[in-house]
Amino acid sequence: MIVEYIRYTLAPDACEAFERDYARAALVLDASEHCLAYELSRCVDEPHRYLLRIEWDSAEGHLQGFRGSPEFRDFLAAIRGYIGAIEEMRHYAPTAVAGAKTATA
């Protein structure tokens, strides 16, 4: 498993549409066999900043499987207008350092 983090900084008036469009894009993530989980979080201190966390089965599953799928077109169509707002997009591999507690929303 790998974890992808994407940080966005939006214009303050774009937040409502961003969340709506990502809810639409999430339907594609739900349907992907390579996506294990995801979460879109909004910054409390600066509400025009967001962090998207996606768990993928592997880097290959994300980059070749998901991005190579016909469904990726629908995902991209939903979020295309926000690509320029990406500050960082990286894949991370979990380490052995982890807490026993699980965060709940």
Side-chain angles (χ1 to χ4, degrees):
M1 181 198 54
I2 59 135
V3 182
E4 179 183 26
Y5 287 96
I6 307 171
R7 289 186 312 121
Y8 290 91
T9 298
L10 304 173
D13 63 348
C15 295
E16 186 177 323
F18 178 75
E19 289 185 32
R20 183 184 61 244
D21 291 340
Y22 249 104
R24 200 167 40 124
L27 298 174
V28 180
L29 293 175
D30 286 334
S32 173
E33 65 181 308
H34 301 287
C35 179
L36 306 176
Y38 59 88
E39 177 182 67
L40 180 64
S41 299
R42 188 174 187 175
C43 182
V44 172
D45 305 313
E46 297 179 79
H48 63 287
R49 294 180 182 268
Y50 288 82
L51 177 65
L52 178 64
R53 179 185 189 280
I54 306 176
E55 294 179 13
W56 297 102
D57 58 357
S58 65
E60 294 76 22
H62 173 216
L63 299 173
Q64 282 83 39
F66 178 68
R67 287 191 180 176
S69 72
E71 295 78 22
F72 180 66
R73 213 174 14 237
D74 295 332
F75 178 83
L76 194 56
I79 59 100
R80 179 173 278 124
Y82 307 104
I83 291 174
I86 294 174
E87 288 189 351
E88 180 182 29
M89 181 169 44
R90 299 274 188 260
H91 291 110
Y92 293 85
T95 68
V97 180
K101 297 179 182 180
T102 303
T104 57

Rounded distance (nearest 0.5 Å) linking atom CD1 of Ile86 with atom CD1 of Ile79: 6.0 Å
Shared ILVMFWY cluster between Leu52 and Tyr5, side chains joined below 4.5 angstrom? no
Interatomic spacing from CG in Leu36 to CH2 in Trp56 - rounded to 0.5 Å: 9.0 Å
With a 3.5 Å distance limit and no angle check, can you tell me whether Arg53 reaches the backbone of Glu39 through a side-chain donor-acceptor pair? no
Let me check something: do Leu29 and Ile83 share a hydrophobic cluster, defined by ILVMFWY side-chain heavy atoms less than 4.5 Å apart, either directly or through other members? yes
Supply the atom-to-atom distance Arg67 CZ to Phe72 CZ, rounded to the nearest 0.5 angstrom. 5.5 Å
Hey, could you give me the CD/CD1 distance between Glu60 and Ile2, rounded to the nearest 0.5 Å? 8.0 Å
Is the shortest heavy-atom distance from the side chain of Tyr38 to the side chain of Tyr22 under 4.5 Å? no
Given side chains that start at C-beta, do those of Arg42 and Cys15 come closer than 4.5 Å, heavy atoms only? yes
Which class fits the ring pair Phe66 and Phe75: parallel under 30°, tilted 30 to 60°, perpendicular over 60°? perpendicular
Kindly determine whether Val28 and Leu76 satisfy side chain to side chain contact (heavy atoms under 4.5 Å, CB included), including the steps that lead there. CA-CA 10 Å; Val28 180; Leu76 194 56; over 6 Å; no
Minimum heavy-atom separation for Cys35 and Ile54, please, with both atom names. SG-CG2, 3.9 Å
State which residues pass side chain to side chain contact (heavy atoms under 4.5 Å, CB included) with Arg7; sequence neighbours excluded, sorted by chain then number. Leu51, Glu87, Glu88
Gap between atom CZ of Arg73 and atom CD of Glu71 - 0.5 Å precision: 8.5 Å
What is the ring orientation for Tyr50 with Phe18, classed by angle as parallel under 30°, tilted 30 to 60°, or perpendicular over 60°? tilted
Please report the interatomic distance CD1(Ile6) to NE2(His91), rounded to the nearest 0.5 Å. 8.0 Å
Result of checking Val44, Thr9, Leu10 against Arg49 for side chain to side chain contact (heavy atoms under 4.5 Å, CB included): Thr9
